[in-house]
Every structure is written in structure tokens, then in C-alpha cells.
Amino acid sequence: MSRAFARFILTRLALMVPTGFAILLICFLILNLVPGRPGQAGETESGGGTEEARAQYRLFKETFNYDRPVLFNTDFWVERDEVRALLDASQLHAGDAAVRLEATHRLEDLGPYIVEELLEIMNHDSARRRAAMRQLAVNAQRRNLYLGREDQIPPELREAQREVVRHNRMVSTWAPADADTEEQLEALQAQWNAWYLEHKPRFELSAADKWHAFFFDTRFAAYFGALLRGELGFTVYRRPVLAELLPRLKVSMILGALSLTLIFLIAVPLGTFAAIRRDRWEERGMTLLLFVLYSLPTFFVGTLLVEYIPNGQPLYTAGFETARVVAPDASSWQRLQDIALHLVLPVFCLSYGGLASMSRYARSGLLEVINADYVRTARAKGLPESLVIVKHALRNGVMPLVTMMGLLLPVLFSGSIVVETIFEIDGIGRYMWMAIQMRDYSVIMAGLLLTTLATLVGTLLADLAYAWLDPRIALDGRVGH
């Protein structure tokens with residue numbers, strides 16, 4: 001590898017970092033700034049649900065960082081008058097259910113930043129003392145150290161997580177009941193004040209702490225930090241997203257790789273034939289057939305295949321392979337045959353539409369070079385026409401396909417929602433569609449991240465292929481002479 005080529009690769013890789021970060025930020029903001037709150041509609045209809053249901057919803061928000069501001073955190077600047085107004089709006093006798101829930105969510109999301117204000121209200125505002133104590137029982141709780149399933153807590157976090165759970169259960173019981181007497185309220189008030197003296201450093205923020213919270217105690221910072229650690233968050237079922245994606249990614253990559261390979265292997269010969277037989281009846285008939293296929297929607301063809309081909313006779317129209325429960329004693333060769341029979345129809349549906357466009361690109365690229373000087377020189381030397389086309393014209397003629405193949409690389413990772421849903425294949429595409437229906441933002445974000453990464457890598461590979469295929473293209477991006 002030459003020094004110039006190495007510098008070219010390093011430059012492209014360096015440009016991928018800010019580009020990928022910008023795309024990640026834009027996708028994250030779009031997903032998190034859409035109106036509404038996950039789970040809010042059902043909660044509003046039920047008037048807020050039971051206290052247990054609300055506690056579960058608070059855990060849900062904490063799991064996906066919905067209790068944090070999206071990009072910048074200004075919660076520590078909240079004034080005491082705003083806290084009083086939110087407490088009044090959150091009471092059962094105030095406003096309609098939607099207003100009460102919005103105020104309750106806002107108070108919960110402010111978390112530890114308003115603990116001192118709630119204590120001041122509790123100690124000096126007798127009319128709001130009960131409400132302040134009830135809210136303290138929520139806001140004084142500590143964040144969980146691990147938000148996945150309890151049986152998957154890492155060993156190094158188990159003891160500290162148990163302490164967090166113990167503390168949160170303790171303070172959650174310090175909410176006053178409506179029937180508590182004045183003496184009981186005073187005892188509870190003294191308990192809260194004693195607790196605060198013990199935990200006071202946790203709530204005293206210096207200027208540096210506030211600037212740190214402004215940038216880093218946010219939803220995006222939490223997600224990006226987890227991403228740098230190789231974590232993609234948790235699904236709505238509190239399972240790690242990465243563990244859910246990897247098996248499905250393998251399925252979609254097999255489908256995508258087979259379809260792209262099939263398109264390339266068929267499109268290049270078809271495009272070459274069309275360029276050689278330009279404006280003849282063979283070329284026009286082939287073009288007509290390809291564009292008829294291109295005009296048929298994938299969902300239409302796939303539905304017809306599923307409807308009129310009996311499953312398993314001889315091809316399968318559902319799933320990626322026969323369940324091992326049905327054929328537990330199948331050998332490796334039998335399983336490979338079974339997978340191949342499952343793949344024929346989905347790969348066909350993924351491939352036929354791309355043949356028309358890719359073959360036309362190959363035809364156009366070959367027509368541009370087929371009458372070039374170096375091709376005419378090769379003919380003048382007496383070389384066979386087939387050798388002239390394959391050795392001299394085809395290499396430069398397929399240059400447009402390089403860009404197309406690079407841009408089609410995301411298909412390997414993102415899968416096909418339509419094909420995987422019709423044929424009931426548990427790949428990335430079908431999983432993403434289910435995540436969209438369930439508003440599982442962590443899975444959606446992971447899918448967008450994979451697509452972004454695949455697009456950037458595909459663009460890089462296309463640039464490298466251009467430099468390899470055409471020596472006239474200098475590594476600084478200019479065309480040489």
C-alpha cells in the first residue's frame with residue numbers, strides 16, 4: 001500500500017467520524033422531540049392508574065432516560081414558585097386528568113434537582129406540606145445502576161444495586177397518608193430533615209457540577225456514553241438491544257448478500273449484452289421484460305407467491321428455516337438444504353426489481369467507453385471482440401455500478417421490512433417494523449445507527465474501488481491526465 005493510498009483511507013475514515021456523529025444526533029433528536037410521551041395515552045385514559053402502575057412507569061422512563069432533558073439540562077435552574085405551581089397542578093382536585101399527569105411527570109422528571117425546594121416547601125408552607133412529602137418520596141430516590149432484567153445484573157454491580165433498591169424502598173414509604181394526624185406529619189417531617197442532613201452533599205451543586213449536568217446529565221449524553229461502551233440500551237422488555245439484534249442481523253445479511261450478489265452477477269452480463277446489441281430487437285425485448293419486472297411492487301409479488309405456492313411444496317414461503325423442534329435430528333447438510341429452500345422466494349423478491357436499474361447502469365457505463373480510443377486501439381490490434389469487451393471496456397464500463405453497490409450496502413444490515421414481513425422471516429427489517437409499532441425507540445435508534453454505519457462504510461468502499469479501478473483518479477479526488 002502506497003503512502004498516498006494510506007493517507008487517502010485515513011482521510012476518509014476521519015471524515016466518517018463527524019459525519020456519523022451528525023447523523024446520529026439528527027436521528028436522535030427526531031425520535032425524541034416528536035410530540036407525546038411513550039405510554040402517556042393509556043395512562044391518561046385511566047386517570048393515572050394505581051401507585052404501583054405509576055412506579056412501574058417511572059422505572060420505564062428511567063430505563064430509557066425519558067426522565068432526562070433531551071440535549072441540554074436546565075432543571076437545576078427551576079425556581080421554587082414553579083415547584084409550588086406544579087405541586088398545586090398535580091393534586092387530585094386540580095384541573096383535568098391530562099393537566100394533573102403533565103404536572104406529575106414534570107415534577108418526577110426534575111428528580112433530585114428540586115429536593116431542596118421540596119424540603120423548603122415542606123418546612124415553611126403548611127398548606128403544601130403533604131404534597132411536598134409525597135413528591136419527596138419519589139424525587140429523593142436514587143437512579144438504578146443497572147436497568148436491565150434483575151437476573152442479568154453484572155456481578156460487580158449487584159451489591160451497589162441492592163443498596164440503591166434498599167434506599168429507594170425506604171424513602172418511598174415516607175409519603176404521608178391522607179389520614180395521618182398532625183403529630184404523625186411532624187414526625188415524618190423530622191425524618192425527612194434528618195435524612196437530608198445525611199445526604200446533603202448529593203444535592204449541593206457547585207458551578208462545575210451545574211455545567212457538567214447542563215451537558216452530560218441529558219438523554220443524548222447518556223445514550224452516547226452507552227454507545228461508546230458498546231451498549232445500545234434495552235428493549236421495552238428490558239432485554240439488551242444488541243443481544244436481540246445480532247441473531248436477526250445474521251439473517252438479514254444472508255438475504256441481502258445473496259440478493260446483491262445475484263443482482264450483480266445477472267445485471268452486468270445483461271447490461272453488456274444490451275450495450276453490444278444496442279437498438280436491436282433483442283435489446284428492446286430484454287429491456288421491456290426487465291421494466292415489467294421493475295414495475296411490479298414487491299409486496300404484490302410476495303403476496304401472490306405466499307398465496308399460491310403451498311408452503312414446503314417444494315419451496316417454503318414462511319420463516320428462515322424449519323424449526324429444530326420439528327426436525328431435531330437433521331444433519332448439517334439437511335439443514336443447509338432446508339435453509340436454501342426457504343431462501344429462494346425471498347431472495348427472488350429482493351432481486352428482481354434491482355435487475356432493471358442495475359443492468360441499465362451497466363449498459364450506460366459500457367456505452368460510454370465502448371467507442372473510446374483505447375478500445376478502438378485494442379480492436380485494431382486484431383483482438384477478438386469478446387476479449388476487447390471483457391478486458392478493456394468492461395473494467396471502466398462498470399464504474400457506475402461501483403457507486404450503486406456501495407449505496408446498496410445498507411441493505412445487508414437494515415433488511416427488508418416488506419419481504420421479511422410477508423415471508424415471516426425474523427430479520428432486522430421485520431424486527432424494526434415491530435419496534436415502530438411498539439414505539440420501541442431504543443431498537444429504532446439501533447437500526448438507524450446500523451444503517452448509518454453501513455452507508456458510510458459503503459461510501460468508503462466505493463471511493464476505494466474507484467481509485468483501484470481507474471488509475472486516472474488521483475487519491476486527492478482530482479482526475480489525473
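Computed from a prediction, not measured in an experiment: that's the story for all the values here.
Formation of a donor-acceptor pair under 3.5 Å by the Asn123 side chain with backbone atoms of Leu119 is found in this model. For the pair Arg158 (side chain) and Ile153 (backbone), a donor-acceptor distance under 3.5 Å is present. Put simply, the side chain of Ser252 gets close to the backbone of Ile428: a donor and an acceptor are under 3.5 Å apart. Here the side chain of Thr261 pairs no donor or acceptor atom with the backbone of Leu258 at under 3.5 angstrom. A donor-acceptor pair under 3.5 Å is absent between the side-chain atoms of Tyr441 and the main chain of Phe64, judged by distance alone. At distances below 3.5 Å, at least one donor-acceptor pair connects side-chain atoms of Thr218 with backbone N or O atoms of Ala221. Judged by distance alone, with hydrogens and angles left aside, the side-chain atoms of Gln161 form a donor-acceptor pair with the main-chain N or O of Leu145 at under 3.5 Å. When atom types are taken as modelled, the side chain of Trp192 and the backbone of Trp174 share a donor-acceptor pair closer than 3.5 angstrom. Between the side chain of Gln184 and the backbone N or O of Thr181 there is at least one donor-acceptor pair closer than 3.5 Å. No donor-acceptor pair under 3.5 Å is formed between the side chain of Asn144 and the backbone N or O of Val165.
Environment of CH2 in Trp433: sparse, with no more than 12 heavy atoms of neighbouring residues, nucleotides or ligands closer than 6.0 Å. The number of heavy atoms from other shown groups lying within 6.0 Å of CE (Met170) is above 12. Counting non-hydrogen atoms of neighbouring residues, nucleotides and ligands closer than 6.0 angstrom, the CD atom of Glu204 exceeds 12 such neighbours.
A donor-acceptor pair shorter than 3.5 Å cannot be found between the side chains of Gln141 and Ser172. No side-chain N or O of Tyr223 forms a donor-acceptor pair with one of Asn32 less than 3.5 Å apart. Residues Tyr196 and Glu116 bring a donor and an acceptor atom of their side chains to less than 3.5 Å of each other.
Using cut-offs of 30° and 60° on the angle between ring planes, the pair His212 and Phe216 is tilted. Aromatic ring orientation, Phe60 versus Tyr66: tilted (interplanar angle from 30° to 60°). Aromatic ring orientation, Phe214 versus Trp77: tilted (interplanar angle from 30° to 60°).
Ion pairing between a basic and an acidic side chain is recognised when a charged N comes within 4.0 Å of a carboxylate O; Asp81 and Arg84 show such pairing. Taking the charged nitrogens against the carboxylate oxygens, Asp67 and Arg58 have no contact shorter than 4.0 Å, which rules out a salt bridge.
In this structure, Phe203 has its ring center under 6.0 Å from that of Trp195. If you look at Phe234 and Tyr146, their ring centroids are closer than 6.0 Å.
Separating the CD atom in Gln189 from the CZ atom in Arg129 is a distance of 5.5 Å, to the nearest 0.5 Å.
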